[in-house]
Amino acid sequence: MVEVPLQVVLNGLTIGAIYGLMAIGLSLIFSVVGIANSAHGGFYLLGAYLCYLFQMIGLSVPLAMMLAIICVGVIGVVVYRLTIHPILSLHANVLILTFLLAIVFEQIIRITIGPDYKNLQPLVTGVFESGGVVMSNQRITAAILSIILVALLSQFIRRSRLGKAIRMTTQDGEAAQLLGIDVTFIYVLTFGLGTALTAGSAVLAAPLFTLYPAMGWLPFILSFFITISGGLGSVAGALVMGVIFGLTDAFVSYYIAPTWGLIAAFLLTLIVLIVRPQGLLGR
Amino acid sequence: MLRLKSLATLSSFKITGLILIIIMVVVPPALRDPYLLHILTLGSIYAIFAMSWDILMYTNQLSLGHSFFFGLAAYSTALFNSSLRMHPILAIIAAVAITAIVGLGLSIPFFKLRGAYYALGMAGLAKIATLTVTAYSDITGGEEGIRGITPLTTDHVGNYYIALATMLASLIFLYYTAEHSRFSLIFRAVRDDEVAAKCLGIVVHKYRLLCLVLGSAFAGLGGAVYATYLTIVNPNAMAIIPTTALVVTMGMVGGVTTIIGPALGAYLIVFLDSFFRVAENIRLLAYALTATLILLLLPGGIIRYAIKAANYLIREVRS
């Protein structure tokens, strides 16, 4: 059987691209604003559930996705201004504060929408089948869109004026301020952008799984690992590490047992971190 | 970083501590309320755990996987007791020894990492361990966990005193090691600037190792007592969410690098958690919002404000 490894490779590649996108929202905030946003999973959760709500009131699937992404970006900005910005210099406090915010989001969803499992309508339906490889169209679309979004983001940061301001602020906040860059605005913008990207990964990935109030924790932990072991602030590192993670998970799940897939993938990221303490593509 | 001693004159600090200890020893058993005793027993166990997390912070080791040690000891105690038929006290001692040795061994790969990388490395360890424990269901019982560990005593008051005594012994030991021994100044030097400390001839590695071994051993003590008290262990005891999250919240709310702060934080969080149980549906929401408010309004932790308040009161009483 030649087809089986191909299927496993494709499974790993597609899920890896989605993991990469999940991690980039976190990575962006981590490297620019300099804080570990533990509410990452909470924003992921909000993205998926808002999309679900918009679909429920009868909006078309693409419109619901766009609206959910924008809403989460706005919520991110508001949350940042109200809670995180006042204690920005206390890193450990921010870590715990955002963690508590994730619990708040989860509980609000649980109380208002309910604890039972929900399904999100996918962007495209149907199954792709060719040469013994079977894969849902949503999975392929999600992977391709993830890569496009990541490419757009890195071009935005590299080319645009705003992107240059973001990079300047990352390197030296005080010097950026001296040059007339509104650092607070950059922080707010980056936080909104990061949370919007997280919501983007949520609306793409959530139709592949089910929706429930605690769904955000695994993506949060995954993203943290992929970000750190890929190299902080490295967009390419996050994507490469996401794909490595996805491939390891897929192969071990197929050849040994599904329960060992995540264990092996986490172990691999830990080994990467210990061998290269600055991360895979970090400087 | 503020030191407790500089905030309080020693005598008023000691007076407050003694009064608190006397209240803790006398009042709860006299009330004969099993639920209150249960909450305070859990509070004492989590206080040991929170202090063990805090001792790591003395040398800048933010651990986001501290539940690994807690869960490791809880599972070791359970396995020693149920499979090897060890007496619970022996099982606790063996579990603490194992956690300390594991902590020592972990220093080899982990001391390469610093800051956020160290924190995340620890979190990864806890995640892998939790997944492994869940996967090896024939030994560890998987999601169900291990039931029927022999308790030290079934008496509420007995359990309360065991936990309280263990907590006080740990508190005194860790507090004096961290604040009043010859290590305290070294810890401060390492915490403020590792490079400068190295230049002064301090073998930084040695003191980080000391903190890691103490931190893992006392987390193990907490976990082992937890297992014998609840007589059941499941993967949640080792999981980042909720257990690490809980201990980090306790430490931050109480006040980092004060030892006493995280212990108070542990009681406060356990108490808040059960207080909101009256409205089960909004329990977690209310608890998270309260803790958020404490973090936003009292960023240094409650202990620093509590000491200020106590000093003010004592000054008023004396004058």
Side-chain angles (χ1 to χ4, degrees), chain A residues 30 34-36 38 41 82-84 86-87 89-108 110-111 214 216-218 220-222 224-225 227-229 232 257-279 282, chain B residues 57 62 64-65 108-137 142 239-242 244-246 248-253 256 281-301:
Chain A
F30 212 134
I35 54 168
S38 320
L82 286 184
T83 61
I84 300 169
I87 56 163
S89 55
L90 307 164
H91 291 279
N93 282 30
V94 172
L95 188 76
I96 308 310
L97 180 88
T98 45
F99 174 77
L100 291 168
L101 284 176
I103 298 181
V104 170
F105 291 158
E106 179 186 336
Q107 291 305 313
I108 289 175
R110 193 181 64 81
I111 292 165
W217 296 111
L218 188 65
F220 159 58
I221 292 170
L222 277 176
F224 244 125
F225 272 90
T227 308
I228 298 273
S229 56
L232 260 187
T259 37
W260 293 98
L262 272 182
I263 299 178
F266 273 116
L267 207 57
L268 188 78
T269 41
L270 198 60
I271 292 168
V272 167
L273 193 58
I274 286 163
V275 174
R276 271 187 70 83
Q278 71 274 50
Chain B
M57 293 297 276
L62 171 62
L64 289 185
I108 298 166
F110 277 93
F111 278 5
K112 283 184 174 180
L113 308 174
R114 285 286 189 278
Y117 295 90
Y118 178 89
L120 260 293
M122 280 288 182
L125 189 70
K127 185 74 197 170
I128 293 168
T130 316
L131 288 169
T132 313
V133 160
T134 319
Y136 261 125
S137 49
I240 303 175
I241 293 148
T244 295
L246 205 58
V248 177
T249 315
M250 287 165 178
M252 299 299 307
V253 165
V256 179
N281 201 31
I282 59 153
R283 174 171 73 94
L284 268 171
L285 182 65
Y287 151 76
L289 281 176
T290 319
T292 310
L293 276 181
I294 295 176
L295 273 183
L296 272 178
L297 301 177
L298 310 174

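Lettering of chains follows the sequences in order, A, B, ..., and the numbering in each one begins at 1.
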Against chain B, label A/F30 side chain, backbone, both or neither, depending on which of its atoms sit under 4.5 Å from a heavy atom there.
side chain
Point-to-point distance, once rounded to the nearest 0.5 Å, from CD1 of B/I240 to CG of B/L246
14.0 Å
For the interface with chain B, which of A/V275, A/L267, A/T227, A/I108 has the highest count of heavy-atom pairs at distances below 4.5 Å?
A/L267
Interatomic distance, A/L90 atom CG to A/I35 atom CD1 [nearest 0.5 angstrom]:
12.0 Å
Among the options A/T259, A/I87, A/N93, pick out the one with the most heavy-atom pairs lying under 4.5 Å from chain B.
A/N93
With under 30° as parallel and over 60° as perpendicular, where do the rings of A/W217 and A/F99 fit, or are they tilted in between?
tilted
Chain B contact via A/S38 - which portion, at a heavy-atom distance below 4.5 Å
neither
Using atom types as modelled and distance alone, determine if a side-chain donor or acceptor of A/H91 lies under 3.5 Å from a backbone N or O of A/A36.
no
Interface moiety of B/K127 toward chain A, non-hydrogen atoms closer than 4.5 Å:
side chain
Using non-hydrogen atoms only, which part of A/I96 is less than 4.5 Å away from chain B: side chain, backbone, both, or neither?
both
Which region of B/L62, side chain (C-beta onward) or backbone (N, CA, C, O), has a non-hydrogen atom less than 4.5 Å from a non-hydrogen atom of chain A, or is it both or neither?
side chain
Identify which part of A/L218 has an atom lying under 4.5 Å from any heavy atom of chain B, answering side chain, backbone, both or neither.
side chain
Check the angle between the aromatic planes of A/F266 and A/F225 and answer parallel, tilted or perpendicular using the 30° and 60° thresholds.
perpendicular
Counting only non-hydrogen atoms closer than 4.5 Å, does A/L262 touch chain B with its backbone (N, CA, C, O), its side chain (CB onward), both, or neither?
both
Between the OG1 atom in A/T269 and the CD1 atom in A/I228, the distance rounded to the nearest 0.5 Å is 11.0 Å
Chain B contacts, top residue of A/V104, A/I103, A/L101 (heavy-atom pairs, under 4.5 Å)
A/V104
Taken to the nearest 0.5 Å, the spacing of B/T290 OG1 from B/L295 CG works out to 11.0 Å
Of all heavy-atom pairs between A/L273 and A/S229, which one has the smallest distance, and what is that distance?
CD1-CA, 4.3 Å
Heavy-atom proximity to chain B below 4.5 Å, by part of A/L97
both
